[in-house]
Amino acid sequence: MPTMQGQILTSTESSLMTSNKQNIVLLNGELKIRPYVDNEQLKEIVLQCFGLELDGDSEPVEMVSYDDRNFRIKGKLKGQDETKQFVLKIFNSGSASKGVLESVVKLMSHCASKSMGGFAVQTPVPSIKSNGEDAPQFIASYHIPVLGEACYDGCTKEKLINKGLLSVGENNVVTCSHDIRLVTFLEGKVPDYSKENCSDTFAEDTGRTCANLCNAMLDVPQFKDVDRTGWIWDLLSCGKILKNSCLNVIKDMALKKVLEDVINEFESKTIPELDKHFTKSYIHGDLNEQNLLISNEDKVAGILDFDDVVWSYPVIDLATSMMYLSVGCSEKDMIHKLNMMYKGYNSIRKLSEVEKSLLFNICLMRYAQSTSVSIYQHEVIDPTNDYLLLHTKNNFQKMSFLIGLGPDEFMKRVCSE
């Protein structure tokens with residue numbers, strides 16, 4: 001199997017499994033459904049939406065995913081002779097508007113043009129349904145059947161049909177419209193901070209990559225049709241949702257109290273400082289190890305999943321990367337590894353003293369956001385998706401360690417050359 005580095009690497013993935021448990025939730029007026037498809041449906045979807053004929057000798061493989069559904073597939077695009085590998089993403093209903101998803105594609109392409117060979121980014125495939133339009137469209141839509149034994153939470157099938165949120169097709173099959181995207185597959189190994197030692201080289205290069213990515217997006221103007229204020233993954237505006245909804249399902253009262261305190265501190269002290277001193281731009285929003293590819297030289301070879309891009313402050317991407325690195329590190333190695341990441345970032349994009357002083361609270365806020373959203377999604381929306389809990393098991397322990405360290409000691413030891 002050819003790779004970007006010319007060596008055999010593997011992608012984090014799992015076998016294609018279809019659970020019979022599908023939760024359908026109406027939350028704040030938005031329908032939340034994770035789609036379920038079989039191989040025949042996948043074949044029809046990619047052919048009708050992108051003109052891709054699947055290779056009959058290769059089985060689709062479902063890839064590990066926090067959200068939505070991602071499949072590694074192999075086939076030929078219409079009019080092409082070469083068989084290639086692709087990743088098909090079927091978005092959960094209610095994930096984002098089509099305008100937001102098209103803007104994400106624009107940002108991916110922009111970052112690919114600005115990477116200067118430092119990292120690879122997946123290439124989107126135009127939808128065949130956009131033929132004849134002034135600009136190619138990369139997001140297609142497809143009606144996918146709802147499982148007959150689906151569980152309805154806060155709604156009924158009949159009410160959703162009457163509201164136009166579900167449709168009734170041939171043979172009275174109930175369907176939901178899902179947005180679809182096809183991108184090229186990048187060969188590479190996804191690092192796992194919790195299972196293998198994260199080298200100093202990789203930690204430092206991750207910091208450099210984060211800074212290069214932030215710089216690549218600095219000159220992108222804010223898209224008029226994209227407003228993610230109040231979105232659950234926008235660190236600057238998610239506090240209200242976290243406190244009013246997500247924290248309510250957390251049964252561990254000690255954890256709940258810590259998360260509440262972190263959110264309140266971030267909203268009352270950190271956000272005003274960010275707003276006062278810095279200018280917003282687009283950021284990746286989710287630079288964890290599952291969205292990075294590592295080369296045999298312990299360097300970042302590729303960046304995946306731009307779907308959490310948000311108009312925010314660049315230092316938040318660094319704090320997010322630090323949070324996920326700290327989850328996987330042992331406590332004795334954590335500060336050293338975070339310092340290596342800081343050095344890599346600072347070698348490309350110099351942090352101001354104010355940014356350094358805010359890193360601690362931003363990192364803790366990302367802990368609070370990731371932990372509370374993951375538990376909520378697992379409890380309410382997708383109880384069969386254990387990947388949602390990947391980063392929650394050790395979060396309380398690591399948060400407690402950092403809180404015990406304190407902001408001054410964190411800044412002194414992490415933000416040092």
Side-chain angles (χ1 to χ4, degrees), residues 111 114-116 118-119 193 198 200-220 234-236 262 265-289 291-292 299-300 303 308-327 329 333-370 398-399 401-403 405-417:
C111 290
K114 292 278 188 176
S115 71
M116 298 174 290
F119 52 83
Y193 297 154
C198 173
D200 288 359
T201 299
F202 183 69
E204 189 171 4
D205 197 58
T206 300
R208 276 193 294 268
T209 301
C210 178
N212 281 325
L213 188 57
C214 287
N215 286 341
M217 290 193 275
L218 282 176
D219 60 347
V220 179
D234 176 15
L235 204 69
L236 296 176
V262 167
E265 175 88 0
F266 181 78
E267 288 183 319
S268 63
K269 296 183 179 179
T270 306
I271 291 179
E273 286 296 297
L274 288 167
D275 290 341
K276 178 180 178 182
H277 294 283
F278 305 109
T279 301
K280 292 181 180 180
S281 61
Y282 281 108
I283 64 171
H284 182 279
D286 195 22
L287 283 176
N288 66 71
E289 77 273 25
N291 290 331
L292 299 173
K299 299 290 184 69
V300 176
I303 299 178
D308 284 353
V309 292
V310 65
W311 188 253
S312 190
Y313 298 105
V315 69
I316 289 178
D317 257 355
L318 174 60
T320 298
S321 295
M322 285 185 165
M323 174 262 164
Y324 284 109
L325 177 60
S326 68
V327 171
C329 287
D333 292 333
M334 182 196 297
I335 299 303
H336 173 68
K337 298 300 183 184
L338 294 182
N339 176 244
M340 295 306 298
M341 182 177 284
Y342 162 80
K343 287 179 178 179
Y345 187 95
N346 208 50
S347 69
I348 302 296
R349 181 183 177 274
K350 293 288 183 183
L351 287 176
S352 69
E353 291 302 310
V354 176
E355 285 175 307
K356 294 177 188 178
S357 71
L358 298 178
L359 262 180
F360 177 80
N361 275 354
I362 301 173
C363 188
L364 286 180
M365 180 60 185
R366 180 65 185 200
Y367 262 110
Q369 180 190 40
S370 177
K398 297 300 173 64
M399 286 182 73
F401 174 79
L402 289 176
I403 291 170
L405 189 68
D408 294 338
E409 191 68 13
F410 180 91
M411 180 176 173
K412 177 183 175 182
R413 293 172 60 185
V414 172
C415 302
S416 66
E417 294 295 339

task: Assess whether side-chain contact (heavy atoms from CB on, under 4.5 Å) is satisfied between L236 and L274, documenting all intermediate values.
output: CA-CA 10 Å; L236 296 176; L274 288 167; 4.0 Å; yes
How far does [atom1] of [X] sit from [atom2] of [Y], to the nearest 0.5 angstrom?
X    : Y    : atom1 : atom2 : answer
C363 : M399 : SG    : CE    : 9.0 Å
F202 : E289 : CZ    : CD    : 8.5 Å
N339 : E204 : CG    : CD    : 9.0 Å
D333 : C198 : CG    : SG    : 9.5 Å

Quick one: does [X]'s side chain have a donor or acceptor within less than 3.5 Å of a partner on [Y]'s backbone?
X    : Y    : answer
D317 : H284 : yes
K398 : M323 : no
N291 : D286 : yes
D205 : V300 : yes
E409 : G406 : no
S326 : M322 : yes

task: Begin with the C-alpha distance, continue with both residues' side-chain angles, and end with the deciding distance and a verdict on side-chain contact (heavy atoms from CB on, under 4.5 Å) for Y367 and V327.
output: CA-CA 9 Å; Y367 262 110; V327 171; 3.5 Å; yes
message: For a side-chain contact (heavy atoms from CB on, under 4.5 Å) check, start with the C-alpha distance between K337 and M341, then their side-chain angles and the critical distance, and finish with the verdict.
response: CA-CA 6 Å; K337 298 300 183 184; M341 182 177 284; over 6 Å; no
message: What I'd like to find out is whether the side chain of L213 reaches to under 4.5 Å of the side chain of C111, using heavy atoms alone.
response: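 In contact.
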